[in-house]
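Following: one structure in structure tokens, then a few remarks.
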Number of protein chains: 2
Amino acid sequence: MGASKTDHFTEKQNQLAAIAKALGHPARVAIIEYLLSVDSCICGDIVNVLPLAQPTVSQHLKELKNAGIIKGSIEGNAICYCINEETLSILQAFFSHINNHLQIKKSNCC
Amino acid sequence: MGASKTDHFTEKQNQLAAIAKALGHPARVAIIEYLLSVDSCICGDIVNVLPLAQPTVSQHLKELKNAGIIKGSIEGNAICYCINEETLSILQAFFSHINNHLQIKKSNCC
DNA sequence: AATATTTATCGTAATATTGCAATATAAAAA
DNA sequence: TTTTTATATTGCAATATTACGATAAATATT
């Protein structure tokens, strides 16, 4: 196996899982943090910042892009990446939802 | 390969990635949602709720537990699972951090 | 004690992920 | 036009993940 049985779950569950999965690697977390740390979007220097080879970084960027977490646009012979707020807000809404529920019911065991 | 180079990233980045990764499967999202939907923690009926075989569910529960997202305690011959708020608050803090940054700088390109 | 119930573990097959060298592509600079 | 610069793609090896049948372990029930 190795493949998730996505068709047995709701669209929403699959969507949330896909976004979370894309963030489930330290290099990709580092990319997001770097994108945040610079003032605008970045055109070029991600590879020099990460401790990974260029093809590997390119692959991680691709996955973040596929998950909709970042957007990239061509800027001369470089590519300009920035965070896609809409996608991350989906995850944030999920966590707000969780926290609301947890605070209301004040878990009565465990 | 197939193994992440975790030693090249910060503890925080690895921690965030590990939690996100644990949420990166629809079955595990479904488990969290089910844990939220019932009033207290659940002792037993997770397997019947998910469209997966019992060993598979057990494995997913183990991963959520390893990531610190849920806690389990023995309750007779069943096991009582519930959400660990502390761990999820780490992710929520990350997203708040991101959103604060994004709102401040109001991305000037892309 | 014998049986049922609940959850975990083992073993294994199918597939996915990670990482990089080599190479391709495409625009910029010389 | 040739060369440089920046990024993507391909191919491949090592490892991880997903799923489940078979089985184990541990408590409850009869």
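First the proteins, then the strands, lettered A, B, ... as listed; each starts at 1.
- Here A:Leu52 lies in heavy-atom contact (under 4.0 Å) with sugar-phosphate atoms only.
- For the pair A:Ile74 and A:His60, nearest-nucleotide mapping onto DNA chain C gives the more 5' position to A:His60.
- The phosphate of D:dT9 has OP1 or OP2 within less than 4.0 Å of a side-chain N or O from A:Lys62.
- Base contact: B:Gln54 has a heavy atom under 4.0 Å from a base atom.
- Across the interface with DNA chain D, nearest-nucleotide mapping of A:Asn77 and A:Pro55 shows A:Asn77 to be the residue nearer the 5′ end.
- The aromatic rings of A:His25 and A:His60 sit tilted, their planes meeting at an angle between 30° and 60°.
- Computed from coordinates, the B:Phe9 CZ to C:dT18 C1' distance equals 11 Å when rounded to whole Å.
- Distance B:Ile31 CD1 to D:dT18 P: 11 Å, rounded to the nearest Å.
- At the heavy-atom level, B:Ser4 lies under 4.0 Å from the strands shown only through sugar-phosphate atoms.
- Annotation: the span from B:Leu88 atom CG to A:Ile98 atom CD1 amounts to 5.0 Å, rounded to 0.5 Å.
- Two residues, A:Lys65 and A:Gln59, neighbour DNA chain D, and the one matched to the more 5' nucleotide by heavy-atom proximity is A:Lys65.
- Per the geometry, CG belonging to B:Leu50 stands 16 Å off P belonging to C:dT6, to the nearest Å.
- For A:Ile90, the CD1 atom is densely surrounded, since the number of other residues' heavy atoms within 6.0 Å is greater than 12.
- Phosphate contact (OP1/OP2 of D:dA19, side-chain N/O of B:His25, threshold under 4.0 Å): present.
- Checking A:Leu36, A:Leu64, A:Ile31 one by one against A:Ile83, the side chain to side chain contact (heavy atoms under 4.5 Å, CB included) holds for a single residue, A:Leu36.
- C:dT5 atom C1' lies 16 Å from atom CD of B:Glu75, rounded to whole Å.
- We find that CG of B:Asp45 is positioned 16 Å from P of C:dT5, with the value rounded to whole Å.
- One interatomic measurement links the two molecules: CG of A:Leu23 to C1' of C:dT17, which rounds to 16 Å at whole-angstrom precision.
- Within the structure, a side-chain polar atom (N or O) of B:Tyr81 is placed less than 4.0 Å from OP1 or OP2 of C:dA8.
- For B:Leu61 and C:dT7, the CG to P distance is 9 Å, given to the nearest whole Å.
- Atom CG of A:Asn66 and atom P of D:dA8 are 11 Å apart (whole Å).
- Every pair passing salt bridge (charged side-chain N to carboxylate O under 4.0 Å, His left out) that includes a residue from residues 22-36 of chain A is listed here, sequence neighbours excluded: A:Arg28-A:Glu63.
- Nucleic acid contact class of B:Thr56 (heavy atoms, under 4.0 Å, all strands): base.
- Within the 4.0 Å cut-off from OP1 or OP2 of D:dT17, not a single side-chain nitrogen or oxygen of A:Lys21 is found.
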